[in-house]
Amino acid sequence: MGFRNIITLLNMETLLDIDYTVRDEKAVIRLYYKVDKGREIREIDDFEPHFYVTSDDLEGSKKNIEKLDGVVKVETVKKVEVRQEIEVLKVTVKLPQNVPELRGEIKEFENTKEVREAAIPFAERYLINSGIVPMEDAEQLDLRIASFDLEVYNPRGEPKSEKDPLLMISYADSTGLKKVWTYRETPGVSLDYLEILSDEKEVIKRLIQTVKEQEIDILCTYNGDNFDFPYLNERAAKYKMDVGLGIDGSKVRLERRGMNLGAKVRGRPHIDLYPICRQVFNLSRYTLENVYLEMFGEEKKDINAAEMHKIWDANEPGEMKEVFEYSMADAVGTLRMGLAILPLQYELSRITRIPVYKSSRSGSGQRVEDLLIKRAYEKNILIPNKPSDRIATERQKSSYVGAYVVEPKRGIHDNIVLFDFRSLYPSIIISHNIDPSAMNCACCKKEEAFQSPAGHHFCKKNVGLIPETVGELIQRRIEAKKRLKEESDPEKKRFLDVEQQALKLLSNSMYGYFAFARAVWYSRECAEAIAALGRQYIHNTIEAAQKHGFDVLYGDTDSIYITVSGEKDSKKIIAESKKFSGEINKELPGGMELEFEGFYPRGIFITKKRYALMDEKGTLLVKGLEVRRRDWSNVAKETQTKVLNALLKDKDPEKAAEIVKGMVQMIKTGDVKLDDLTIHTQITRGMNEYVQAGPHIVAARKAIKEGREFKQGDIVTYVVTKTGTSISDRARVVDFVEEGDYDANYYINNQVLPAVMRILEALGYSEDELKGLGKQMTLGGF
DNA sequence: TACCAGAGGAG
DNA sequence: AAATCCTCTGGTA
């Protein structure tokens, strides 16, 4: 280790949070650092709020703006706009809160063209301009992470914070401290982490006290934004008390974030793992237990939370012990998930230069934009304004042609090779310089520039902001992967892997960003050009493959599945395939590559986007079929999986038929458990906005009448029961259904049979043959 | 039976 | 508050 590195280690620090305050009529930026010895708040009082004004008459505009109250300074500066250096006015103002009003007034001036960069939050503006990287060296500083979870009294179903008290708070942190605080003794229950306090108020106070004493840097919750923190705040308010978890004792602030809330803790970032999990994992449900199982392959202790109030009232030792253990497991589980999830969030915060509280709650469009804004500043590019609601809505109406999907050759095939283009869209952006500022440039003659089949051309002389940014992301990813390969320390390996994941996430989001109606660098033409070029490359590859003697079985966007019909020697097919991709790659522009992605001894293609493949280990890979969908029941999905295995692995259609017959019998006897019959469907719009209510909506409405809450974004878990007329009428939220109360006919005719029939039909069995499943089915079909 | 709204997957 | 392409279900007339 060199001298420099030792110095760096000694002066390790990481910026956890940033905000500003106004003191003596002056804006003061506050930087919340964790340093090796503890915490530090640094203040910057010489950074001034500013924005830009474009005008036809700079001098005239300047004179008008200078007269306005709150304006400190107006200067003429050079900025870059669509590759041209232009002169604009930089308006420096006294306080950040002056900006919206001044912006409005200046916009009305006669000579003003646009007011620019006035909507960038002041603290974020400072981060961009200063070049400070949030969360830098966070991993080296051994941040203290804590999680907590509430249990509340719920006698009427959904707990109401005005009436229903907290029963306990569980807490766990990365130093190993584990606690459950409650305020009532349960005779005969003693647990080392259980602490009995005098009342609810003391329980809340103890949480706050512990977070302070333990010097916690990051707070994790599971749905703390919309449940734990709002509830805690309201219960605390009952005792005229603040939830003063901020590093300076300030209270938790709830901010509106679209339809939801965000719970912000000053200087001690609160990371809600729930929205992150919804973004990262594709699951049927996002309960803590479900996500925990997905992440660690282990069950987390669970109880029926609807019974909480009864258990509390009964205060029976056995049951209460279960509740304490469950509560503790929630905090411990949330902490464990946090420790696994946070590194990627730190990395995204570093790359986009946005504090982790905010970046962990951003969607992919916002994240890409944050990164581009930072890069634009470095290149002195004037950032375009956000579109108005009207323009955004207008943009949403226009659509464009996207990817190409090959009609599959239905049925079973042997010896299948998969090729795909590595990062097709990012590599097209780079190799064809797809950028709004490069489109139809004046400096290149049309025929000399990069051509898009959609009719646009792109400059060959000057690299645009977006291709340059994507190029940098990909370059950094290549380097991270190289270091990952050379690294032997498992911990460092994990960090490098997270880094390359984050870089991939961002570069893959850039294409979608172009067509995102609220994007400041929106360009439908660029999105269109990328998609058109993608179609061109895949079309050309398909043609070349056919010329090479391959049968093209299927393809979607950037992939093609091929085989050689009649060729039994898989080694020959693989060798020929590798030769083919080599030939293709010689013709591709730099940065683009067709990869040999895999070999599958057998596969079945049903329709576009629906197929199954078996790899050389005998593992089934299924795409698009019911097995992959949360809105199908387990009975249907499990039967489908077994049928696929019987056909692809055992090559035994009779076995497939037996499986189906067996399952149909099982359903008829009424022995199937509710867990295997539930269907999960999301409420994607407001409950009153539905023109046509499907079964999940009707089931949710019934549950609402019985005291349950359902809102947009929730996933309804329902069962089709015996009683009622239509399917919707029979659909009920599972919590209200007794074991055994299910509609056998529905599960046979609308679940199991359709899921397996489609596969069998693709093999050439007629529906008539399938009606008497098993009887006529023989190996002849193969 | 034909059509539409709605959902969720693929890439 | 990233995009389009695509299949399939259940309600409605």
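Order of the sequence lines sets the chain letters (A, B, ...), proteins ahead of strands, with each chain counted from 1.
Between the NZ atom of A:Lys623 and the C1' atom of C:dC5 there is a distance of 16 Å, given to the nearest Å. When rounded to the nearest whole Å, the span between CD1 of A:Ile683 and P of B:dG8 equals 10 Å. Computed from coordinates, the A:Tyr718 OH to C:dG10 C1' distance equals 9 Å when rounded to whole Å. Between the P atom of C:dC6 and the CD1 atom of A:Ile606 lies a distance of 18 Å, rounded to the nearest Å. Rounded to whole Å, the distance from NZ on A:Lys358 to C1' on C:dA1 is 13 Å. Atom CZ in A:Arg361 sits about 11 Å away from atom P in C:dA1, given to the nearest Å. With rounding to whole Å, A:Lys386 atom NZ is found 10 Å from C:dA1 atom P. As a whole-Å value, the separation of A:Tyr611 OH from C:dC6 C1' is 13 Å.
Of the side-chain N and O atoms in A:Arg610, none sit less than 4.0 angstrom from OP1 or OP2 of B:dG9. Contact check, A:Thr557 against C:dC5: no side-chain N or O comes under 4.0 Å of OP1 or OP2.
A donor and an acceptor atom never sit less than 3.5 Å apart when one is taken from the side chain of A:Gln682 and the other from the base of B:dG8.
Within residues 626-643 of chain A, the residues that place at least one heavy atom under 4.0 Å from DNA chain C are, in residue-number order, A:Trp632.
The residues A:Glu124 and A:Lys358 are annotated as salt-bridged, a charged nitrogen and a carboxylate oxygen being separated by less than 4.0 angstrom. A salt bridge is absent between A:Asp370 and A:Arg367; no separation between the charged side-chain nitrogens and carboxylate oxygens falls under 4.0 Å.
One finds the CD1 atom of A:Ile562 at 4.0 Å from the CZ atom of A:Phe550 (value rounded to the nearest 0.5 Å).
What you find for A:Ala403 and A:Tyr425 is that their closest heavy atoms are CB-OH, 3.8 Å.
The one candidate from A:Asp225, A:Asn260, A:Asp272 that meets the side chain to side chain donor-acceptor pair (under 3.5 Å) condition with A:Arg361 is A:Asp225.
The aromatic rings of A:Tyr274 and A:Tyr286 sit perpendicular, their planes meeting at an angle over 60°, well past the 30° parallel limit.
Here side chain to side chain donor-acceptor pair (under 3.5 Å) pairs that include residues 688-704 of chain A, with residues two or more places apart or in two chains, number zero.
When each of A:Gly512 and A:Val406 is assigned the nucleotide of DNA chain C bearing its nearest heavy atom, the one mapping closer to the 5' terminus is A:Gly512.
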